[in-house]
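Note that the structure is a prediction, hence the values are computed from the model and not measured.
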Amino acid sequence: MSKITLTETAKVLLAAKSVIIASHINPDGDAIGSSLALMHTMTKLGKDARVFIDDAIPSIFAFLPGAEKIERPPETITEKLRPDLFVILDASLDRVSRVRELVDAPTLNIDHHVSNDGAADKLYLDADRAATAEIIYELVKEMNAEFDYENALPLYTGIATDSGFFRYANTKPFTMRAAAELMEYGVKPNLVSEATEVKPFAVVKGLGAALSAAEIFHDGLAAGIFLDYPTVKELETTEGFIDEIRVIEGVDVAVLVKCQGENMCRVSMRSKTLDVAKIAMKFGGGGHVRAAGCTLKTSFDEAKKIITEELNRALSEEVA
Ligand code: AMP
Ligand code: MN
Ligand code: MN
């Protein structure tokens with residue numbers, strides 16, 4: 001792996017005639033937004049660009065231009081795709097699932113996660129950026145490409161969703177300036193918020209039930225929502241659930257455990273001070289200091305026990 005600069009990254013992109021862009025499973029607004037913006041920009045530069053994500057695209061992102069063009073690797077991969085360049089956005093190479101088996105090409109990884117594993121051939125990492133979409137915004141300029149509604153809307157969406165609509169600690173003056181400039185191309189913040197925050201009635205009721213069952217521990221420094229598999233099966237999404245307990249007075253760490261299978265529990269963590277990326281990395285996950293996640297291949301009870309014990313330990317250490 002070699003770490004490269006923004007200028008070098010732009011050159012690598014410009015040198016390719018064909019690219020396949022991939023992002024992480026459980027795709028969020030940044031994964032989808034930065035991929036669509038880069039695909040559109042590269043296409044306008046006359047290149048052949050495709051996006052592959054090995055997961056379902058949440059319906060809340062269907063309003064993004066080009067969302068319908070996102071492809072998924074076939075059930076059985078019989079033939080490898082060989083573009084000039086394989087670009088992985090907003091994650092390390094190990095989080096793109098089967099796209100990795102589908103594509104055989106030199107890898108360029110563009111990311112903002114401190115936990116990036118550095119496995120790609122070339123890496124452009126800027127952990128100070130709130131979103132990978134901020135880096136793509138910089139690259140559009142660096143490549144002397146143009147902004148229009150088709151790349152501005154997904155870029156704005158990536159920046160807005162990863163910064164909690166400009167509320168999280170990762171929000172910098174740069175974040176606001178980039179968002180303001182993207183608005184010049186017709187982006188309406190209220191429409192992005194309405195589109196991405198919409199929830200089916202059943203999910204709002206599910207949120208109510210999840211909040212009723214929320215727990216606080218470690219003298220009120222931690223709050224958790226723990227959803228077993230039967231509960232999760234009934235919910236279309238749990239997006240935003242963790243934000244509702246993050247705000248509890250005195251809470252430093254919020255955790256959401258959702259079991260997506262009998263032995264497959266996804267953990268999301270948010271904090272005000274504790275380094276949750278460190279905890280997530282202990283279990284093979286990653287993320288940022290204040291927002292991180294991992295997957296535990298254990299039963300619901302075991303996952304709940306493991307994660308509460310780990311948070312209790314980390315919070316005791318921090319106070320000590
Ligand atoms: P989430 O809680 O799913 O919103 O994720 C919070 C942050 O942690 C995001 O930046 C994710 O990309 C990252 N993250 C979540 N799960 C994992 C994982 N299993 N491996 C690496 N990073 C993760
Ligand atoms: Mn992401
Ligand atoms: Mn991101």
Side-chain angles (χ1 to χ4, degrees), residues 23-32 53-62 67 70 72-73 75 90-91 94-98 161-162 164 195-217 222-248 251 253-271 276-277 279-288 290-312:
S23 193
H24 60 81
I25 51 166
N26 290 307
D28 50 29
D30 190 28
I32 296 166
I53 293 178
D54 192 13
D55 211 338
I57 305 300
S59 58
I60 52 168
F61 298 116
I70 299 176
R72 219 175 154 162
E75 272 311 306
D90 195 43
D94 67 344
R95 286 192 75 212
V96 303
S97 194
R98 291 179 319 122
T161 51
D162 257 27
T196 57
E197 293 177 313
V198 70
K199 287 180 177 64
F201 183 47
V203 171
V204 175
K205 300 270 261 189
L207 172 62
L211 290 179
S212 296
E215 298 175 26
I216 58 171
F217 52 102
I225 289 177
F226 304 95
L227 304 171
D228 60 13
Y229 182 45
T231 309
V232 172
K233 257 203 316 201
E234 298 302 314
L235 293 170
E236 200 176 296
T237 174
T238 57
E239 197 58 47
F241 281 28
I242 196 166
D243 294 309
E244 301 296 331
I245 55 168
R246 199 171 64 80
V247 298
I248 298 169
V251 163
V253 193
V255 61
L256 171 80
V257 175
K258 56 184 264 201
C259 290
Q260 295 175 315
E262 288 305 339
N263 283 307
M264 181 66 73
C265 299
R266 275 206 37 86
V267 178
S268 282
M269 291 175 285
R270 302 288 182 269
S271 87
V276 286
I279 297 173
M281 283 163 83
K282 244 189 176 169
F283 299 107
H288 312 279
R290 294 189 175 89
C294 56
T295 299
L296 299 175
K297 288 183 177 143
T298 63
S299 69
F300 172 68
D301 291 337
E302 189 66 12
K304 183 174 172 182
K305 186 165 168 275
I306 290 172
I307 214 71
T308 42
E309 279 179 5
E310 189 59 34
L311 285 174
N312 278 325

Checklist entry - Looking only at heavy atoms, what is the nearest atom pair of Ala31 and His24, with distance? => result CB-NE2, 3.5 Å
Checklist entry - Taking all non-hydrogen atoms of both residues, which atom of Gln260 and which atom of Asn26 are closest, and how far apart? => result NE2-OD1, 4.2 Å
Item to check | Point-to-point distance, once rounded to the nearest 0.5 Å, from CD1 of Ile307 to CG of Asn312 | outcome: 11.0 Å
Item to check | Geometric cation-pi criterion Lys233 and Tyr229, 6.0 Å radius, 45° cone | outcome: yes
Checklist entry - Any side-chain heavy-atom pair from Val255 and Leu311 closer than 4.5 angstrom? => result yes
Checklist outcome for this item: Heavy atoms of Ile248 and Ala223 approach each other most closely as CD1-CB, 4.0 Å
Checklist entry - Do Thr231 side-chain atoms and Leu227 backbone N/O form a donor-acceptor pair below 3.5 Å? => result no
Table please: side-chain donor-acceptor pairs of residues 291-305 below 3.5 Å, with sequence neighbours left out.
from   : atom 1 : to     : atom 2 : distance (Å)
Thr298 : OG1    : Ala303 : N      : 3.4
Ser299 : OG     : Glu302 : N      : 3.2
Lys304 : NZ     : Glu215 : OE2    : 2.8

Checklist entry - Shortest non-hydrogen contact from Pro58 to Ile32? => result CD-CD1, 4.1 Å
Item to check | Nearest heavy atoms of Asp90 and Ser23, plus distance in Å | outcome: CB-OG, 3.9 Å
Item to check | With Arg98 via salt bridge (charged side-chain N to carboxylate O under 4.0 Å, His left out) - residues at least two apart | outcome: Asp54
Checklist entry - Taking atom CD1 of Ile60 and atom CD of Glu197, what is their separation to the nearest 0.5 Å? => result 9.0 Å
Checklist entry - Ile306 and Phe283: side-chain contact (heavy atoms from CB on, under 4.5 Å), yes or no, with the steps? => result CA-CA 10 Å; Ile306 290 172; Phe283 299 107; 3.6 Å; yes
Checklist outcome for this item: Between Phe61 and Ile57 the two heavy atoms that sit nearest each other are CB-CG2, 4.4 Å
Next on the checklist: Is any side-chain heavy atom of Arg290 closer than 4.5 Å to one of Arg270?
Outcome noted: no
Next on the checklist: Please report the interatomic distance CG(Asp30) to CG(Asp162), rounded to the nearest 0.5 Å.
Outcome noted: 4.0 Å
Please set out all donor-acceptor pairs under 3.5 angstrom arising from side-chain atoms of residues 236-245, sequence neighbours excluded.
from   : atom 1 : to     : atom 2 : distance (Å)
Thr237 : OG1    : Glu239 : N      : 2.9
Thr238 : OG1    : Lys258 : NZ     : 3.0
Asp243 : OD1    : Tyr168 : OH     : 3.1
Asp243 : OD1    : Arg246 : NE     : 3.1

Checklist entry - After noting the C-alpha distance and the side-chain angles of Thr161 and Asp28, does the key distance pass the side-chain contact (heavy atoms from CB on, under 4.5 Å) rule? => result CA-CA 8 Å; Thr161 51; Asp28 50 29; 5.9 Å; no
